[in-house]
Amino acid sequence: MSQEKKTSSGFSVDRIYKAAGSQEDAGKFPFTRGVRSDMYRGRPWTMRQYAGFSTAEESNKRYHFLLNQGTTGLSVAFDLPTQIGYDSDHPMSEGEVGKVGVAIDSLEDMERLFDGIQLENISTSMTINASASSLLAMYVALAKKQGADLSQLAGTIQNDLLKEYAARGTYIYPVRPSMRIITDIFEWCSQELPKWNTISISGYHIREAGATAAQELAFTLANGKAYAQAALDKGLDIDVFGKRLSFFFNAHNQVFEEVAKFRAARRMWAHIMKDLGATDDKAMMLRFHTQTGGSTLTAQQPENNIARVTLQALAAVLGGTQSLHTNGYDEALNLPTEKAAQIALRTQQIIAFESGVTDTVDPLAGSHYIEHLTDTIEAAAWELLKKMDDMGGAVACVESGWMQEQIARSSYEYQKDVEAGEQIVVGVNRFQSTQKEAPASFKIDDAIRLTQSQRLAELKTKRNSKRVQEALQELEAAAKGTDNLMPCILKAVEEYATLGEISDCLRVVFGEYQG
């Protein structure tokens, strides 16, 4: 039972406020007002900080720092070679190892990454897509070595390839084989990892690429619908896999538009899943993680980004997010320093424990403006969804380039408005400052690639090469057939096959996407 809430002046705050005669509540279909009846009165959202850089040891130090500062969930960033299935010693990895995330080449690196952290006791979100199956297998292999109960393992893999083709670019295989890998993960996790979120369907990167709020909503839900349909086509139970689908949205500066977007998203997804055959309320709930808008951060007057991140985080909370990452104010310049990461986390904690916005559910509901915006964004998103359905759905719209074209057009229009001064960006095209101030810098040494390459060479001398090759041959045979790939990937990982070896094995069968 939630404890009684009061304002700072001692006035009582009800759990939820409704218009006279209104029946719409939180925690009930279509979930416009939230997915839990008491929302943050019971417990706050999961406070995540996205972190990963350099070697596994260096990232491990940052994770321990964040956990000691009050972070309640880890969010792992991987470097670009890891994201696109190359080992650190591959020629394509040169100049990128450890730069935008941590380099993970094998189970050994995963062991270093979570040294001193019991996986059964935390929730981990991993921003990984094309190589998600291998990274999940490494995480599971480590949990098994720790003696964890896999049925209690909690976390999320992003695992959303459609948005990679549309907006981001860290893909490996063509669209159809990628959809197969994704649904194999759905199936395997439903049996082995019942608490794991098998995909985080991401509007974040769609928005970062320049989409409008309505496009972010429409394209993300269209992708989600495509994944759900693919799982149904595989014979999976929508009331089972539907509970493990999660979403990942962006929060931009227009506070009220963002709140309305989140409210509309829940309502729309509930109807989409119901129309696909879901009967369990939990399979119709849209649960989502939010990250503040990286593309809104400015290198000019970077301290201004603290205010931007605060507004965006507030919008996410008012919109009912389940977890939240707040960006460091210096991220337009470099990876976040410890100071920036701490300020970002404290921003969430101040909103949660000092602002009072968590005391009642969906506090902006009933505002004429919010309700109008919710309906307007929903209508615009439904119109786009219908157009996509008429063209054959999200997969067809990605393969034809239509989705990419729509995003590029919106991005171009926004940039034109900025350059014309019609869209004000404080410190960039208005209220500029001539004062030059260099914030603390955080750069990654290029020698990281040499360290990782030496480790790979050492690993290959001490592992059982015969068992590695046998495991990879089994994976290739499974890829050529119809068997679920996850057991074979897990076996290869446990024999210390590298990420690149596993990815190359699948490249042989599936080929590579030519965008």
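Residue numbers start at 1 and run along the sequence shown. These numbers come from the heavy atoms of this one structure, side chains and all, not from hydrogens, waters or symmetry mates.
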Distance flag, aromatic centroids of [Y] and [X], threshold under 6.0 Å:
| X | Y | value |
| --- | --- | --- |
| Tyr227 | Phe241 | no |
| Trp269 | Phe247 | yes |
| Phe262 | Phe288 | yes |
| Tyr165 | Tyr513 | yes |

Q: Could you verify whether a donor N or O on one side chain and an acceptor N or O on the other, from Thr290 and Thr321, lie under 3.5 Å apart?
A: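 Yes - a donor-acceptor pair under 3.5 Å links their side chains.
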Q: Would you tell me whether Gln83 and Asn129 have side-chain atoms, one donor and one acceptor, within less than 3.5 Å of each other?
A: no
If the threshold is 4.0 Å, N to carboxylate O, is there a salt bridge linking [X] and [Y]?
| X | Y | value |
| --- | --- | --- |
| Lys480 | Glu476 | yes |
| Lys261 | Glu258 | yes |
| Glu108 | Arg463 | no |
| Asp184 | Lys234 | yes |
| Asp362 | Arg263 | yes |
| Lys225 | Asp389 | yes |

Q) What pairs of residues pass the side chain to side chain donor-acceptor pair (under 3.5 Å) test when at least one of them lies in residues 140-151, not counting sequence neighbours? A) Glu111-Lys145, Lys144-Glu494, Lys145-Tyr496, Asp149-Ser151
Q | By salt bridge (charged side-chain N to carboxylate O under 4.0 Å, His left out) - contacts of Lys163 (at least two apart) | A |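 Partners of Lys163 under the salt bridge (charged side-chain N to carboxylate O under 4.0 Å, His left out) test: none.
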Q. With sequence neighbours left out, what residues match Asp375 under salt bridge (charged side-chain N to carboxylate O under 4.0 Å, His left out)?
A.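 Testing Asp375 for salt bridge (charged side-chain N to carboxylate O under 4.0 Å, His left out), a comparison that skips the adjacent residues, returns Arg267.
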Sub-4.5 Å side-chain heavy-atom contact between [X] and [Y]:
| X | Y | result |
| --- | --- | --- |
| Gln158 | Glu164 | yes |
| Thr279 | Asp239 | yes |
| Ser202 | Arg168 | no |

I'd like to check the side chain to side chain donor-acceptor pair (under 3.5 Å) partners of [X]; sequence neighbours left out, ordered by chain and number.
| X | answer |
| --- | --- |
| Ser411 | none |
| Ser190 | none |
| Glu57 | Thr55, Arg455 |
| Ser503 | none |

Q: Taking side-chain contact (heavy atoms from CB on, under 4.5 Å) as the test, write out the residues that go with Ala497, two or more places apart.
A: Val468, Leu472, Ala492, Glu501, Ile502
(Q) Just to verify, what does Ala167 make a side-chain contact (heavy atoms from CB on, under 4.5 Å) with, not counting sequence neighbours? (A)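 Expected list: Ile206, Ala209, Ile407.
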Q. What pairs meet the salt bridge (Lys or Arg N to Asp or Glu O under 4.0 Å) rule with one or both residues in residues 63-89, with sequence neighbours excluded?
A.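 Of all non-adjacent pairs touching residues 63-89, none passes salt bridge (Lys or Arg N to Asp or Glu O under 4.0 Å).
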Q: Only counting residues at least two apart or in another chain, list the ones meeting ring pair (Phe, Tyr, Trp, His ring centres under 6.0 Å) with Phe29.
A: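 Listed in chain order: His271.
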Q.
My understanding is that only residues two or more places apart in sequence, or in another chain, count here; which of them pass ring pair (Phe, Tyr, Trp, His ring centres under 6.0 Å) with His252?
A. none
Q.
Ring of Tyr63, cation from Arg112 - is the NZ or CZ under 6.0 Å from the centre and inside 45° of the axis?
A. no
Q. Between Cys189 and Leu136, is a side chain to side chain contact (heavy atoms under 4.5 Å, CB included) present by the stated rule, with each step listed?
A. CA-CA 10 Å; Cys189 287; Leu136 176 60; 3.8 Å; yes
